[in-house]
Amino acid sequence: MAATLLPTLSPPASRAAALLLLRRAPPKPFRAPAPLLRRVLAPGPSLPVRSPTFRSSLATMPSTAAAAASGSRADLLMLGIETSCDDTAAAVVRGDGEILSQVVSSQEDLLVKWGGVSPKMAEEAHALAIDQVVQKALDDANVSESDLSAVAVTVGPGLSLCLRVGVHKARQIAKAFRLPIVGVHHMEAHALVSRLVNKDLDFPFLALLISGGHNLLVLAHGLGQYVQLGTTIDDAIGEAYDKSARWLGLDMRKGGGPALEQLALEGDPNAVEFRVPMRQHKDCNFSYAGLKTQVRLAIESRNIPADEIPISSATEEDRQLRANIAASFQRVAVLHLEERCQRAVEWALKMDSSIKYFVVSGGVASNQYVRTSLNHIAEKNDLQLVCPPPRLCTDNGVMIAWTGLEHFIAGRFDDPPAVDEPDDMQYDLRPRWPLGEEYSEGRSVARSMKTARVHPSLTSMIQGSAH
Ligand code: KG4
Ligand code: ZN
């Protein structure tokens with residue numbers, strides 16, 4: 001038996017009410033919005049669904065204007081849970097975007113020990129941390145489960161074993177307190193948290209999402225409506241930062257990316273001539289595997305003893321060599337981002353000339369050099385850069401709660417789980433789950449052949465259920 005978590009829809013009345021009450025500005029759909037079907041594959045016995053707060057307040061609202069003035073959006077309270085990779089995170093966020101709490105428990109020690117995320121170890125670490133993390137998020141927000149309007153949880157993409165821990169916890173709470181559940185797409189959450197940060201940010205916008213596992217350029221037409229302009233054909237930029245940092249003997253405890261960014265400040269970015277990837281491909285896709293190899297070769301050819309000697313014990317001369325490699329890597333890695341983003345801006349504006357914003361988010365977007373470089377691209381194209389603060393760029397529960405709120409308000413959520421739902425339930429997890437459909441000009445033959453997609457994209461699921 002499998003339980004779906006997204007996208008589902010409450011009855012039309014509540015959808016209409018939600019739209020009337022809560023719309024900040026009408027999203028610009030690239031398909032006419034149509035009612036979505038409720039898809040609850042594992043319906044429980046007919047217990048009452050706890051009404052979202054806005055629904056009960058609607059009953060007393062005489063008019064749209066009065067409703068809009070009532071500020072009922074602020075009454076919504078969402079718990080967000082994130083366990084898709086190596087951070088166990090939870091947060092409580094109000095419907096108006098006020099962050100009441102944010103808790104993250106990271107697995108740095110495991111990362112140092114295993115040199116990357118080991119799914120089984122990460123699952124155990126999530127399982128150990130999840131109860132405490134969620135409890136602390138509730139305590140810090142000074143709320144209890146019964147105050148919540150719903151629970152949002154990441155259902156993909158990510159590591160199945162890890163996703164399962166968060167989904168299990170979310171369903172336990174939702175079951176006990178009769179709360180609706182919203183299943184969230186991790187990468188959509190990275191993009192949409194920018195709308196919490198900048199309340200003027202309306203669709204459509206262009207987004208670059210850069211993390212440890214993903215490198216995405218998307219045109220966001222509306223909530224759950226994305227066109228993928230580019231993705232990586234091999235590694236993501238975060239993976240390249242992490243591996244390069246490890247090979248350079250950096251202290252990985254605070255993450256490879258931040259360590260490399262720090263060391264790069266001491267280096268000459270033109271000291272090593274790395275090749276910029278994929279210049280011959282006039283599309284918006286990315287590749288970082290080759291640059292990673294170039295870094296490894298640069299370390300080997302200079303006989304840098306990074307394997308045996310950590311950066312903290314390196315001689316001054318050795319440290320300078322490593323810093324030069326770090327700075328040169330960063331320059332080229334980010335130049336690759338800039339080149340693809342420039343083309344993506346052109347493609348996106350061709351499709352929709354009303355785009356005003358360029359969103360850059362995901363863990364790597366917390367890097368200052370990345371932010372400054374991409375701000376140049378934004379300025380050059382008369383776009384406004386929206387880059388969330390670093391702690392909202394790296395994995396966090398706030399982005400899940402916020403994206404949950406956006407979908408909840410649009411009427412997409414699942415009923416509370418059945419009271420007799422077994423603990424060993426097979427959940428509908430989506431480890432490989434594209435965000436949007438590929439833009440045809442951007443399709444890479446090499447990648448289409450390699451990519452076995454397990455789930456249809458979020459966008460196609462939402463559009464599919466609209467017919
Ligand atoms: O979004 P995120 O927290 O988790 C994933 O969804 O993957 O991104 C994590 C990635 C890691 O590769 C990490 O090294 C990178 O973001 N990262 C950075 C920086 N901070 C985090 N990369 C470069 N510079 C940084 N300051
Ligand atoms: Zn992430």
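All values reported here derive from a predicted model rather than from experimental measurement. First listed ligand is number 1; within each ligand, the first listed atom is number 1.
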Participant: Any idea which protein heavy atom is nearest atom 26 (N) of ligand 1, and the distance to it?
Facilitator: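 Going atom by atom, the protein heavy atom closest to atom 26 (N) of ligand 1 ends up being Glu261 OE1, 2.8 Å.
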
Participant: Specify whether His185 and Trp433 have parallel, tilted or perpendicular ring planes, treating 30° as the upper limit for parallel and 60° as the lower limit for perpendicular.
Facilitator: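 Tilted.
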
Participant: Looking at Ser366, which atoms of ligand 1 are within less than 4.0 Å of one of its heavy atoms?
Facilitator: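 Near Ser366, the atoms of ligand 1 are 19 (C), 20 (N), 21 (C), 26 (N).
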
Participant: Give the residue, atom name and distance (to 0.1 Å) of the protein heavy atom nearest atom 15 (C) of ligand 1.
Facilitator: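 It is Val364 CG2, 3.8 Å.
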
Participant: Among Leu196, Ile400, Leu100, which residue meets the side-chain contact (heavy atoms from CB on, under 4.5 Å) test with Val93?
Facilitator: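 Considering Leu196, Ile400, Leu100, a side-chain contact (heavy atoms from CB on, under 4.5 Å) with Val93 is found only for Leu196.
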
Participant: Give yes or no for whether the N/O distance cutoff of 3.5 Å, strictly under, is met between Gly363 and ligand 1.
Facilitator: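 Yes: some nitrogen or oxygen of Gly363 is under 3.5 Å from one in ligand 1.
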
Participant: Check Arg322 with Asp318, please: is the shortest side-chain N to carboxylate O separation under 4.0 Å?
Facilitator: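 A salt bridge is present here (some side-chain N lies under 4.0 Å from a carboxylate O).
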
Participant: Considering only NZ, NE, NH1 and NH2 on the basic side and carboxylate oxygens on the acidic side, decide whether Arg279 and Glu339 come within less than 4.0 Å.
Facilitator: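 Result for this pair is yes, salt bridge flagged.
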
Participant: Show me which atoms of ligand 1 lie under 4.0 Å from any heavy atom of Thr394.
Facilitator: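 In order of numbering, the contacting atoms are 3 (O).
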
Participant: Of the backbone atoms (N, CA, C, O) and the side-chain heavy atoms from C-beta on, which set of Gln368 has a member under 4.0 Å from an atom of ligand 1: side chain, backbone, both, or neither?
Facilitator: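 Neither; nothing of Gln368 gets under 4.0 Å from ligand 1.
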
Participant: With a 4.0 Å heavy-atom cut-off (strictly under), which part of Asp395 contacts ligand 1: side chain, backbone, both or neither?
Facilitator: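 Both of them.
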
Participant: Is Asp96 salt-bridged to Arg94, cutoff N-O under 4.0 Å?
Facilitator: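 Arg94 and Asp96: not salt-bridged.
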
Participant: Quick one: does Glu82's side chain have a donor or acceptor within less than 3.5 Å of a partner on Asp87's backbone?
Facilitator: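 A pair under 3.5 Å: no.
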
Participant: Where the Zn ion (ligand 2) is the corner point, what angle links OD1 of Asp395 with NE2 of His190, to 10°?
Facilitator: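 Roughly 90°, rounded to 10°.
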
Participant: Is Pro258 close enough to touch ligand 1? Criterion: a residue heavy atom under 4.0 Å from a ligand atom.
Facilitator: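 Flag set, Pro258 near ligand 1.
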
Participant: Can you list the atoms of ligand 1 that are under 4.0 Å from a heavy atom of Gly238?
Facilitator: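 That gives atoms 12 (O) of ligand 1.
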
Participant: Can you report which non-hydrogen protein atom sits closest to atom 22 (N) of ligand 1, along with the distance?
Facilitator: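 Closest protein heavy atom to atom 22 (N) of ligand 1: Gly257 CA, 3.4 Å.
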
Participant: For atom 13 (C) of ligand 1, grab the closest protein heavy atom and report residue, atom and distance to one decimal in Å.
Facilitator: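 Of the protein heavy atoms, Asp242 OD1, 3.7 Å lies nearest.
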
Participant: So which bit of His190 gets within less than 4.0 Å of ligand 1, heavy atoms only: side chain, backbone, both or neither?
Facilitator: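 His190 to ligand 1: side-chain contact only, backbone stays beyond 4.0 Å.
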
Participant: Got a salt bridge between Glu123 and Lys120, using NZ or NE/NH1/NH2 to carboxylate O under 4.0 Å?
Facilitator: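 Yes.
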
Participant: Looking at Asp131 and Lys169, does any basic side-chain N land under 4.0 Å from a carboxylate oxygen?
Facilitator: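 A salt bridge links Asp131 with Lys169.
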
Participant: What residue among Phe329, Tyr288, Tyr369 forms ring-ring contact (aromatic ring centres under 6.0 Å, His included) with Tyr241?
Facilitator: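 Only one of Phe329, Tyr288, Tyr369 forms a ring-ring contact (aromatic ring centres under 6.0 Å, His included) with Tyr241, namely Phe329.
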
Participant: Would you compute the distance between atom CG of Leu219 and atom OH of Tyr226 and round it to the nearest 0.5 angstrom?
Facilitator: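 Leu219 atom CG to Tyr226 atom OH measures 10.5 Å (nearest 0.5 Å).
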
Participant: Are any N, O or S atoms from His214 nearer to the Zn ion (ligand 2) than 2.8 Å?
Facilitator: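 Given the 2.8 Å cut-off, His214 does not count as a ligand of the Zn ion (ligand 2).
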
Participant: For ligand 1, is there an N or O atom under 3.5 Å from any N or O atom of Gly256?
Facilitator: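 For ligand 1, there is no N or O atom that lies under 3.5 Å from one belonging to Gly256.
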
Participant: Provide the number and element of each atom of ligand 1 under 4.0 Å from a heavy atom of Gly213.
Facilitator: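 Answer for ligand 1: 7 (O).
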
Participant: Within a reach of under 6.0 Å around CG of Asn142, are more than 12 heavy atoms found that belong to other residues, nucleotides or ligands?
Facilitator: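 Count not over threshold, so no.
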
Participant: Give, for atom CZ of Arg331 and atom CD of Glu338, the distance between the pair rounded to the nearest 0.5 Å.
Facilitator: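 Atom-to-atom, Arg331:CZ and Glu338:CD are 10.0 Å apart.
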
Participant: Using distance alone, decide if ligand 1 has a nitrogen or oxygen within less than 3.5 Å of any nitrogen or oxygen in Asn367.
Facilitator: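 There is such a contact, yes.
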
Participant: Please indicate whether any nitrogen or oxygen in His186 is less than 3.5 Å from any nitrogen or oxygen in ligand 1.
Facilitator: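 The answer is yes, given that His186 and ligand 1 share an N or O pair closer than 3.5 Å.
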
Participant: Please write down residue, atom name and distance for the protein heavy atom closest to atom 10 (C) of ligand 1.
Facilitator: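 I find the closest protein heavy atom is Gly212 N, 3.5 Å.
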
